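Working notes, structure below.
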There are 2 protein chains.
Amino acid sequence: MPLRDRPPPAGHQELSAVHTKGKPTSFDIAHLTGVSQSTVSRALRGSPLVSEETRQRIKAAADQLNYKVDKNASNLRSQHSGTLALLLFEDPTADDSHINPFFLSMLGSITRACALRGYDLLISFQQLSDDWHADYADTKKADGIILLGYGDYLAYRDKLQKLAAQGTRSVRWGAVLPDQPDVSIGCDNFQGGQAVAAHLLEQGCRRIAFLGDASSHYPEFFDRYRGYVSTLREAGVQADPALQVDAIESTEQAGYDAAETLLQRDVPFDAVFAASDLIAIGAMRALADRNIKVPEQVALAGFDDIPMARFLNPPLTTVLQDTKLAGETLVDNLLSLIRREPVETHLLPVKLVVRRSSQYGPP
Amino acid sequence: MPLRDRPPPAGHQELSAVHTKGKPTSFDIAHLTGVSQSTVSRALRGSPLVSEETRQRIKAAADQLNYKVDKNASNLRSQHSGTLALLLFEDPTADDSHINPFFLSMLGSITRACALRGYDLLISFQQLSDDWHADYADTKKADGIILLGYGDYLAYRDKLQKLAAQGTRSVRWGAVLPDQPDVSIGCDNFQGGQAVAAHLLEQGCRRIAFLGDASSHYPEFFDRYRGYVSTLREAGVQADPALQVDAIESTEQAGYDAAETLLQRDVPFDAVFAASDLIAIGAMRALADRNIKVPEQVALAGFDDIPMARFLNPPLTTVLQDTKLAGETLVDNLLSLIRREPVETHLLPVKLVVRRSSQYGPP
DNA sequence: CTGAAAGCGCTTACAG
DNA sequence: CTGAAAGCGCTTACAG
C-alpha cells in the first residue's frame, strides 16, 4: 500500500530515467545519490544532522538536476509560508493608476526589507470597502500582513479588530493611538506639525492655514494639526478655525478644492500648511490660478517629502519621513509578532526639509 | 492505518469540539454538515456536481467556522499557485528607495490587473547581477513571471534564455526584438521618438540633441533614437553624432551628467530630447545651472510621462505610455502562456503630451 | 450527485 | 548521522 508510485524497485537507482518527466523531486535526488529522501530534505535545509560529505553530494545532485524545493509542499508541512502580505488600502479613486507616491516609496522599502530577511512579499491594493481581513493569512499564503494606507480610521477600525480577533499577525503604518486593537508604527506626526509651524512662525507668518482633516477620522493628519496648534499656542498665536479646511483625500484635487474653499472664506492668511505633499501641490495650483505668489505672498509647506516635492515650482518645504527605516521597522516588528515575541508600537523621527516655497525673499 | 487522526469516531460528529484547536479544515466542515470531505471541497470550489441545497449548507458552515481553503494544500495538489511574480530589475543604485516612477506606475496597474483576474502578485526587486532566473516559478510559488526593468539587454539576455529553456512562463516589458527568446510587450518607442522629433521640428528646432544610450544594449532607448533619426531625415535634417550622449542609467543624475557632457562639447543645439523623463529632469537642472532657459533657449522633451512631469518647471513635454493598458496586456498574455495558448508580442500605442518645456513663447 | 481513497512533495517526530 | 513512516490539507480520478 505505497503512498506513492515512486521510488522505483531497487536496482534502478542509478538510471537517468529520473530526468524524463516533469520537475525533479527530493526522491529523484535521493535515488541519484543513494540516500533516503529524508536525508535529502535535511541536507538541503542545512540541518546539522547531515555529514558534510553527504551534504555536498546531495547539493551537487540537486544543482545538476536543477532541483528546487516545492514551496507549496514545504509550506503545507511546516505550516509557515515565508511570505508577508502588503495590503495597500485607499479611498476609491477615479484614476486607478495614481497611487500616493509616499506609499510607493514605502512599498519599495518594504519590498527590500522583506528580501533582505528572506521573505517574499505578496502585494494587494484594496478599496477600503472591501472585506480585506479575509485574505492571505487565513489562506496560509502569508505569515503576516502589513497594512498601509490613508483612509477613515474609524471606518476601518473594526476590520482591524476582526483581524486581531482571528489571531492574524499584522502591523499597520499609521498613527499611534491609545486604544488601538493592533500594533502600529508611524512617524512622529505631532513633532512634524510642530516643526512646520515653528518654521513658518520664524518666517514671520502669523495667519497659518491648515489644509487637511483635523479629527480622529484621520489620526495622522490630526496629530500634524495638533502639533501645529500647540506650537502656535506656545508662540502666543491663536489658531483660527476659519483657517482650517478639510482635505480628507490626500490627493492633488482635494488640495485644490480645500485651497479654493479657504480662498472663498475670504479670511487673510500668510501661510499654508498642507497635511500632505499631494494636498500642497493642489493648493499650489489653486494659488497660482489666482495669481497668488508662493512664497512671496503665501508661504507653503507640505508633509511626506515625496520625490517630486523638490521639483515643484517653487520647490516644496515639507517633512521627510524616513521610508527606508519605516519599511524595515514594519517588517522587523511583524516578524517578531510571527515569532510570538513581544512587540511595541514605534514612533519614528521626522525631519523638516526647508525649500523655497516657505522662504520669503530669494533662495 | 489511517492517514490522519481526524475524523473522530462516528457519533461525535455534531460536537462542537471541532472549534477547539487551530484553524478549521474541510474535514471540520464535513463533520458539521454530515457530508464527505470531498463534497465540501467540491461545493466550495463551485463544482456543478454538488446539489444546490448541499452547497448552501456547506457554505453556511464554512462561514460560521470562518473556514478558508488552505492555499498551500490546494496548490500542492492542483499544481498551480494562482499567483504571478513580478521581477523588477534595475541597475544597482546607491539610494535604494528611489525606483523609477514609471515602473511604479506599471507596478500599480499590474497589481490591479492581477487582482481583477483573481491572481495574487508576488513582487521582488532584483539587481541585474542576481541569479533571478532561479526563483518563484521553480519553487512553485508562482505560475509565471513578469519581467520589468531597464538595464543592459545584452547582459541579461542569457538569463532570459535560461528562463525559457527551463520552461518558465514569462513575459517581459520592453522592446520587441526580432530574435528574442521570450515574449515581450512594449510601447511603440520608434513612433514615440518620431512624434517628439516631429514636434520639435515644428517648433522650429533644427539642432536637436538626444540624451540616452543609442545601442542594442538598451533597445527601448535605441528605438526612440531611431524614430528620432528617421523623422529628422525625412525632414532633411541630418542627425549630428555630436548631439547624442549616452545616459544609460535613466536617472536624474545620469541625465545631469549627460547634459553636462553635451554642454562641454560646445556644439550648438536648440532642443534636447531625453530618452526618459528622469533623464530630462537631470538635463533641466544642468541647463538651469548654466542659466540656459527652457524653453526660450532650448526646448526639452522627455519620455514616459511620469506623474511629476506636469509639475516640473516648466512642465515637461513627454510621451505618455499607457501603463494601465500595459499592465493588463502583460498579465493577460502571461495568463495565456500559462494556459498554453499561443501568444504574440505586442506593440502598444503612445501619445505625445505637449507641455511648456518644448514651446517657445508664453504658454 | 456523493463518498472512499490516493497522492501532491515535502518536514519531522521516532527509532536506530 | 540516517531511514522508514506519518501526515500537512487539500483535489481529483474512480466507483457507485
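Quick note on labels: first sequence line is chain A, next is B, and so on, each numbered from 1. Predicted model only: the values in this text are computed from it and were never measured.
Residue pairs meeting the salt bridge (Lys or Arg N to Asp or Glu O under 4.0 Å) criterion with at least one member in residues 33-53 of chain B, sequence neighbours excluded, are B:Glu52-B:Arg55, B:Glu53-B:Arg57.
For B:Ile338, the side chain to side chain contact (heavy atoms under 4.5 Å, CB included) partners two or more places apart in sequence, or in a different chain, are B:Leu84, B:Asp143, B:Arg169, B:Leu334, B:Leu335. Residues forming a side chain to side chain contact (heavy atoms under 4.5 Å, CB included) with A:Leu116 (at least two apart in sequence, or on another chain): none. With sequence neighbours left out, the side chain to side chain contact (heavy atoms under 4.5 Å, CB included) criterion links A:Ser26 to A:Gln37, A:Val40, A:Tyr67. In this view, B:Ser124 and B:Leu87, B:Gln126, B:Tyr136 satisfy the side chain to side chain contact (heavy atoms under 4.5 Å, CB included) rule, not counting sequence neighbours. In this structure A:Tyr153 satisfies the ring-ring contact (aromatic ring centres under 6.0 Å, His included) test together with A:Tyr156, sequence neighbours excluded.
Put simply, NE2 on A:His31 is 10 Å from P on D:dA4, counting in whole angstrom units. In this structure, CD of A:Gln37 is placed 8 Å from P of C:dT11, rounded to the nearest angstrom. Residue A:Asn72 contributes atom CG, which lies 10 Å from atom P of C:dC10 at whole-angstrom precision. Atom pair B:His80:NE2 and C:dC8:C1' shows a separation of 12 Å (rounding to whole Å applied). Per the geometry, NZ belonging to B:Lys23 stands 14 Å off C1' belonging to D:dG9, to the nearest Å. Rounded to whole Å, the distance from CG on A:Leu76 to P on D:dT11 is 12 Å. A:Lys141 has its NZ atom 15 Å from the P atom of D:dC10, to the nearest Å. Atom-to-atom, CG of A:Asn75 to C1' of D:dG7 comes out at 16 Å; the value is rounded to the nearest Å.
Between B:Gln79 and the phosphate of D:dT12, there is no side-chain N or O to OP1/OP2 separation shorter than 4.0 Å. Contact check, B:Ser36 against C:dT2: no side-chain N or O comes under 4.0 Å of OP1 or OP2.
For B:Val69, the side-chain atoms get nearest to D:dC10 when compared with the rest of C:dC8, C:dG3, D:dC10. Counting only heavy atoms from C-beta on, A:Val35 has its side chain closest to D:dG3 among C:dG3, D:dG3, C:dC10.
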Kindly indicate, with the supporting measurements, whether the criterion side-chain contact (heavy atoms from CB on, under 4.5 Å) is fulfilled by A:Leu163 and A:Asp182. CA-CA 9 Å; A:Leu163 263 184; A:Asp182 61 345; over 6 Å; no
Cut-off 3.5 Å, no hydrogens considered: what does the side-chain donor-acceptor table look like for residues 72-79 of chain A, sequence neighbours left out?
residue, atom, partner, partner atom, Å
A:Ser74, OG, A:Lys71, O, 3.4
A:Asn75, ND2, A:Lys71, O, 3.0
A:Ser78, OG, A:Ser74, O, 2.6

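Taking every heavy atom of residues 38-54 of chain A and every atom of DNA chain C, pairs under 4.0 Å involve A:Ser38, A:Ser41, A:Arg42, A:Arg45, by number.
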Whenever both distances are under 3.5 Å in a Watson-Crick or G-U wobble pair, mark it; put DNA chain C into dot-bracket that way, with [ ] for crossing pairs and | when the partner is on another strand. |||.||||||||.|||
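Residue-to-nucleotide proximity on DNA chain C shows that, of A:Arg77 and B:Ser78, the 5′-proximal contact is made by B:Ser78.
Salt-bridge check for B:Asp70 with B:Lys23: failed, with every basic side-chain N at 4.0 Å or more from each acidic carboxylate O.
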